[in-house]
Amino acid sequence: MSTIQQVAKAAGVSVATVSRVINHSDKVVDETRERVERAIQELNYSPNMMGRNLRRNATEIIMVLLPSISNPFYSQTVNGITAVARSNGFTVMVCNTLSDRKLEQDFLNLLKFKLVDGAILMSQEMDDSELEELGRLYPVVQCSEYIDAAGVPYVTIDNASAAYEAVSHLASLGHTRIGMISSKVNYYSAAQRQAGYLQALQDAGLEFESELIKFGDYGYGSGMKCAEQFMRMQNKPTAVFAISDPMAIGALKAFRQKGLKIPDDIAVVGFDNIRFSKMCEPELTTIAQPTYKMGCRTMELLLERLEHKQDLPEKVIMDYELIIRGSTVAGS
């Protein structure tokens, strides 16, 4: 394996100059930089990144904590985070917490022991005070899910408004009995989406009954189970709003298995616009979050925190879009 001394000798420069080139210093003239880079390539030299980072007291690693790597919603968000991180010389480490508080704390110890430079939290299990202390001591940004009271910057959408628009769409089609598939998981977005659902019913002059809300776990299987619960009701809903696409797609499958026609017998709206929402039959009407852009903006905020910039935005609320497809309007 080649050494930095061999690179310096081949390029006819000092070891310090080679180091400046590796660290992208602007104090090296272009001709010298090209000579050093050519020597690095010819000798297949790989810098000792661990030693370099220890000297700089940095790892150039960003940790992303998410609750379930199997949820398709997170993939595009992580892609956005990774794109911005890589373009700025950082590596992204994805940590699957399984919504387990102890596992989350184990991962956060990597931040506390300076084994990563910063963290992006996509669904934290800690309480307000713990998150507030974490954000005060370390570079941390929340993405999608957030705790507003903790004072830690976040990037998200207006979940209540998005849910309101989805349910209002169903009401505008003449549906007067609209069910909801929510979740008992303690996510702020779930509470916001339920609030938007209730407000939309009220504004449409529709009566709410507690039996119209069923609870799943964001997964396909739980969506099927909730749909089966709806079908056992004496006064069944004619439309259903689910707070995640996998649950909505599961509900579609269950309704169709029972011989119901979509959307003639029952209409379904999901949330997130995952790629599978266009692969089901019929295609799913859903709320599209700008997941990739959310990931990019979150990473940009974290970079700004790492650079200790002042007057950083604490809240970034991004746009969403209601995409109308065949699960609510035939032929769409």
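Looking only at side-chain heavy atoms (C-beta outward), Thr291 and Ser144 stay at 4.5 Å or farther from each other. The shortest distance between side-chain heavy atoms of Tyr74 and Pro67 falls below 4.5 Å. Within the 4.5 Å cutoff, side-chain heavy atoms of Met247 are placed close to those of Ser222. Contact annotation: the side chain of Glu321 never approaches that of Asp319 to less than 4.5 Å [non-hydrogen atoms, C-beta and beyond]. With a 4.5 Å cut-off on side-chain heavy atoms, Asn159 and Ile287 do not count as touching. Contact of the Phe73 side chain with the Pro246 side chain is not registered, since no non-hydrogen atoms from C-beta on lie closer than 4.5 Å. The shortest distance between side-chain heavy atoms of Asn96 and Leu66 falls below 4.5 Å. The closest side-chain heavy-atom distance from Leu121 to Met126 is below 4.5 Å.
Once rounded to the nearest 0.5 Å, the distance linking CG of Leu301 with SG of Cys296 reads 11.5 Å. Atom NE2 of His169 is separated from atom CG of Leu322 by 6.0 Å, given to the nearest 0.5 angstrom. For the atom pair Ile81 CD1 and Tyr292 OH, the distance stands at 11.0 Å (nearest 0.5 Å). Rounding to the nearest 0.5 Å places CD1 of Ile249 at 11.5 Å from NZ of Lys253. Put simply, CG on Leu303 and CZ on Arg305 are 12.0 Å apart, with the number rounded to the nearest 0.5 Å. Atom CG of Asn71 sits about 9.0 Å away from atom CE of Met122, to the nearest 0.5 Å.
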Please assess Gln76 against Asn79 for the test side chain to side chain contact (heavy atoms under 4.5 Å, CB included), listing each intermediate value before the final yes or no.
CA-CA 5 Å; Gln76 280 299 306; Asn79 285 345; 3.2 Å; yes
In sequence, state the C-alpha distance, the side-chain angles, and the governing distance for Ile61 and Asp117, and then conclude on side chain to side chain contact (heavy atoms under 4.5 Å, CB included).
CA-CA 6 Å; Ile61 298 174; Asp117 291 340; 5.9 Å; no
Between Leu260 and Met231, is a side chain to side chain contact (heavy atoms under 4.5 Å, CB included) present by the stated rule, with each step listed?
CA-CA 10 Å; Leu260 298 181; Met231 286 185 286; 4.0 Å; yes
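When all heavy atoms of Gly270 and Ala248 are compared, the pair lying nearest together is CA-CB, 3.7 Å. Of all non-hydrogen atoms in Ala10 and Ala39, the two that sit nearest each other are CB-CB, 4.2 Å. For Ala85 against Met299, the heavy-atom pair with the smallest separation is N-CG, 3.7 Å. Taking all atoms of both residues into account, the shortest heavy-atom contact from Gly219 to Asp217 is N-OD1, 3.0 Å. For the pair Thr298 and Cys143, the tightest heavy-atom approach, listed with the atom from each and the gap, is OG1-SG, 3.4 Å. Heavy-atom minimum distance, Ala11 versus Arg35: O-NE, 2.7 Å.
Residues passing the side chain to side chain donor-acceptor pair (under 3.5 Å) test with Glu130, sequence neighbours excluded: Arg101. Partners of Thr286 according to the side chain to side chain donor-acceptor pair (under 3.5 Å) rule, which considers only residues two or more places apart in sequence or in another chain, are Asp245. Judged as a ring pair (Phe, Tyr, Trp, His ring centres under 6.0 Å), and not counting sequence neighbours, the contacts of Tyr187 are Tyr218. Residues passing the ring pair (Phe, Tyr, Trp, His ring centres under 6.0 Å) test with Tyr164: none are found, sequence neighbours excluded. Qualifying salt bridge (Lys or Arg N to Asp or Glu O under 4.0 Å) partners for Glu300, counting only residues two or more places apart in sequence or in other chains: Arg297. In this structure Lys102 satisfies the salt bridge (Lys or Arg N to Asp or Glu O under 4.0 Å) test together with Asp106, sequence neighbours excluded.
Applying the ring pair (Phe, Tyr, Trp, His ring centres under 6.0 Å) rule to pairs touching residues 243-291 yields nothing, sequence neighbours excluded. Applying the salt bridge (charged side-chain N to carboxylate O under 4.0 Å, His left out) definition to pairs two or more places apart or across chains, none involves residues 78-89. Applying the salt bridge (charged side-chain N to carboxylate O under 4.0 Å, His left out) test to every pair with at least one member in residues 139-168, sequence neighbours left out, gives these pairs: Asp148-Lys315. Sorted by first and then second residue, the salt bridge (charged side-chain N to carboxylate O under 4.0 Å, His left out) pairs involving residues 68-85 (not counting sequence neighbours) form an empty list.
No continuous path of ILVMFWY side-chain contacts below 4.5 Å connects Leu306 to Leu111, so the two sit in separate hydrophobic clusters. Hydrophobic cluster membership is shared by Met294 and Ile243, with clusters built from Ile, Leu, Val, Met, Phe, Trp and Tyr side chains linked at under 4.5 angstrom. Following chains of ILVMFWY side-chain contacts shorter than 4.5 Å, one can reach Leu206 starting from Val240, so the two form part of one hydrophobic cluster. Under a hydrophobic-cluster definition in which Ile, Leu, Val, Met, Phe, Trp and Tyr are linked whenever side-chain heavy atoms come within less than 4.5 Å, directly or via other members, Tyr188 and Leu65 are assigned to different clusters. Placement of Ile324 and Leu173 within a single hydrophobic cluster is found when ILVMFWY residues are connected by side-chain heavy-atom separations under 4.5 Å, directly or transitively.
Between the side chain of Arg193 and the backbone N or O of Ala163, no donor-acceptor pair lies under 3.5 Å. Distance alone, capped at 3.5 Å, places no donor-acceptor pair between the Asp272 side chain and the Ile274 backbone. With hydrogens and angles disregarded, a donor-acceptor distance shorter than 3.5 Å links the side chain of Glu104 to the backbone of Glu125. Remark: the backbone N or O of Thr285 is paired with a side-chain donor or acceptor of Ser327 at under 3.5 angstrom. Under the 3.5 Å distance criterion, the side-chain polar atoms of Asp128 are left unmatched by any main-chain donor or acceptor of Ala150.
Among Val269, Ile262, Val268, the single residue meeting the side-chain contact (heavy atoms from CB on, under 4.5 Å) criterion with Leu284 is Val268.
More than 12 heavy atoms of other residues, nucleotides or ligands sit less than 6.0 Å from atom NZ of Lys236.
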Acceptor/donor pairs from residues 175-182 side chains to any protein atom, 3.5 angstrom cut, sequence neighbours excluded:
unit_1	atom_1	unit_2	atom_2	d
His175	ND1	Thr238	O	3.3
His175	ND1	Thr238	OG1	2.8
Arg177	NE	Asn235	O	2.6
Arg177	NH1	Glu209	OE2	3.3
Arg177	NH2	Glu209	OE1	3.3
Arg177	NH2	Glu211	OE2	3.1
Arg177	NH2	Asn235	O	3.0

Under 3.5 Å, sequence neighbours excluded: what are the donor-acceptor pairs made by side chains of residues 132-141?
none

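Ring-plane geometry between Tyr146 and Tyr154 is classed as parallel, the angle between the planes falling under 30 degrees on a 0 to 90 degree scale with a further cut at 60.
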